[in-house]
2 protein chains.
Amino acid sequence: MPRTRVDTRTEIRAVAAELFARQGFEKTSLREVAERLGITKAALYYHFPSKADLVRGIVQPFVDEVEDLLADREAAADVDARQFLADYFDVVLRYRQVFEMVLRDVSALAQLDLMRQMLDWRERTYALLVGPGASPARIARATVAIGGLQDCATTDGPVEEFRDAALEAAVAALGS
Amino acid sequence: MPRTRVDTRTEIRAVAAELFARQGFEKTSLREVAERLGITKAALYYHFPSKADLVRGIVQPFVDEVEDLLADREAAADVDARQFLADYFDVVLRYRQVFEMVLRDVSALAQLDLMRQMLDWRERTYALLVGPGASPARIARATVAIGGLQDCATTDGPVEEFRDAALEAAVAALGS
DNA sequence: GTCTATACGTTGATAGAC
DNA sequence: GTCTATCAACGTATAGAC
């Protein structure tokens, strides 16, 4: 009997996402995920070819949204830096839990293509904010702006309380 | 014969530090460290009671310097925010390699007291920059300033090229 | 005091039976 | 689709040679 479960694949992802968010990717074993679902590790491996694929599926929606945002602005004639910072910040805030998980296990997720992609983002956001081939000084300002916002996203507390102030600070960091 | 080695303990730390910096804490096995030194895993365990102790010894000097800086400013009558940001930035830059390693394996290092201590830093730097019990908006600005600087420290390239600009950006983020 | 040999439990992953 | 059994590699631990 196929067990009283709607969609095992989906349930695995849900349980894994919760555990990953709470205790990190590396510190969560597949045995733990399987046990919570009442199945064995081997059954997990039927649905997902590896632990990496499991996390990939969880992070992918976030990656896709950022990718869409970047592609959109890169296609635009000119970019409003403030608006771009705001939009990027909002995407990160929306995927706050996933974002924190990624930051906590950078070296573990580095083996996935995920990390290569995220380092790519860095270059592209800098180019959008201060233009391609900008001076190291201008790039440093863009780094403070983006890095500062990201750091804000990993702090606790309701978003409304700090969103506008953080954005203001990032714009100020970027300079004229 | 005690082997043709000056100080095994020191050599272990040196090799481990290099491997940790290059491929992260979790992705470096003790077997790998031992093999590179021509000894066995068990010999490692004679010198260091655990893998955690090994990394602790590597990170400790960095932790101590930040702790000293914080204690110094907390004892001062008033704090020059710009000067504090500069001093903190310089410590992080000096321990750049260690700092990057820590950031890459946050969840792995969380079990050490290290992470509790670093979260503590966050509160204390905010208090130094915008005063204790500041509004969420002010704290957000301090977060962008500190977080932005930290992000700059993990980028490649010679320090002199971006140090001043990054500092300028952080001061601007902090606001009046 | 310094190290080797050996083993324990857990991890991610695979093979094959039902 | 799920199981049992098994794998190598990992961090950890202890006993004992020198």
Side-chain angles (χ1 to χ4, degrees), chain A residues 1-17 19-20 22-59 101 104-115, chain B residues 1-17 19-20 22-59 101 104-115:
Chain A
M1 185 162 125
R3 188 177 290 275
T4 171
R5 208 191 293 289
V6 191
D7 187 355
T8 311
R9 238 187 103 87
T10 306
E11 288 196 31
I12 290 173
R13 239 204 287 265
V15 168
L19 288 175
F20 287 167
R22 208 171 53 228
Q23 54 199 19
F25 172 67
E26 292 257 44
K27 292 273 161 268
T28 303
S29 71
L30 294 183
R31 182 191 51 73
E32 201 175 351
V33 176
E35 253 172 22
R36 189 167 294 219
L37 287 161
I39 60 178
T40 62
K41 266 199 308 177
L44 260 180
Y45 271 89
Y46 169 76
H47 296 279
F48 296 91
S50 75
K51 195 184 181 185
D53 280 84
L54 191 47
V55 75
R56 216 190 304 267
I58 293 168
V59 179
M101 185 196 89
R104 275 206 303 184
D105 277 294
V106 173
S107 90
L109 271 49
Q111 51 196 6
L112 281 71
D113 290 334
L114 277 175
M115 233 51 218
Chain B
M1 187 162 120
R3 188 175 292 275
T4 170
R5 206 189 295 288
V6 191
D7 186 356
T8 311
R9 237 187 105 86
T10 306
E11 288 196 32
I12 290 173
R13 238 204 287 266
V15 168
L19 288 176
F20 287 166
R22 207 169 58 228
Q23 54 199 17
F25 172 66
E26 293 257 44
K27 292 272 161 270
T28 302
S29 72
L30 294 184
R31 183 191 52 73
E32 203 175 349
V33 177
E35 254 172 21
R36 188 167 293 222
L37 287 161
I39 59 177
T40 62
K41 267 200 309 175
L44 263 181
Y45 268 88
Y46 167 74
H47 295 282
F48 297 92
S50 76
K51 194 183 181 186
D53 280 85
L54 191 47
V55 75
R56 217 190 303 267
I58 294 168
V59 180
M101 186 196 89
R104 275 206 303 186
D105 276 295
V106 174
S107 90
L109 271 49
Q111 50 196 5
L112 281 70
D113 289 335
L114 277 175
M115 234 50 218

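Order of the sequence lines fixes the chain letters, A, B, ..., with proteins taken first and strands second; residue numbering starts at 1 for each chain.
Residues Leu44(A) and Ile39(A) share a closest heavy-atom pair of N-CD1, 4.4 Å.
Figure legend: Arg9(B) and Tyr46(B) shown without cation-pi pairing, the cationic atom not lying both under 6.0 angstrom from the six-membered ring centre and within 45 degrees of its axis.
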Legend entry - salt bridge (Lys or Arg N to Asp or Glu O under 4.0 Å) between Arg36(B) and Glu32(B), intermediate numbers included: CA-CA 6 Å; Arg36(B) 188 167 293 222; Glu32(B) 203 175 349; 5.1 Å; no
Inset, instruction - Could you run through nucleotides 5-18 of chain C and give me one letter per nucleotide, 5' to 3': B if any protein heavy atom sits under 4.0 Å from the base, S if only the sugar-phosphate is that close, - if neither? - result: B-----SBBBB---
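For the pair Phe48(B) CZ and dC3(C) C1', the interatomic distance rounds to 15 Å; values are reported in whole Å. With rounding to whole Å, Lys27(A) atom NZ is found 11 Å from dG11(D) atom P. Put simply, OH on Tyr46(B) is 19 Å from P on dT12(D), counting in whole angstrom units. Atom-to-atom, CG of Leu44(B) to P of dA13(D) comes out at 14 Å; the value is rounded to the nearest Å.
Inter-residue side-chain proximity for Asp53(B) and Arg56(B) is flagged as met; some heavy-atom pair is nearer than 4.5 Å. Between Thr28(B) and Arg22(B) the shortest side-chain heavy-atom distance does not fall below 4.5 Å. You'll find the side chain of Glu26(A) reaches within 4.5 Å of the side chain of Lys27(B), heavy atoms only.
Of the side-chain N and O atoms in His47(B), one or more sit less than 4.0 angstrom from OP1 or OP2 of dC3(C).
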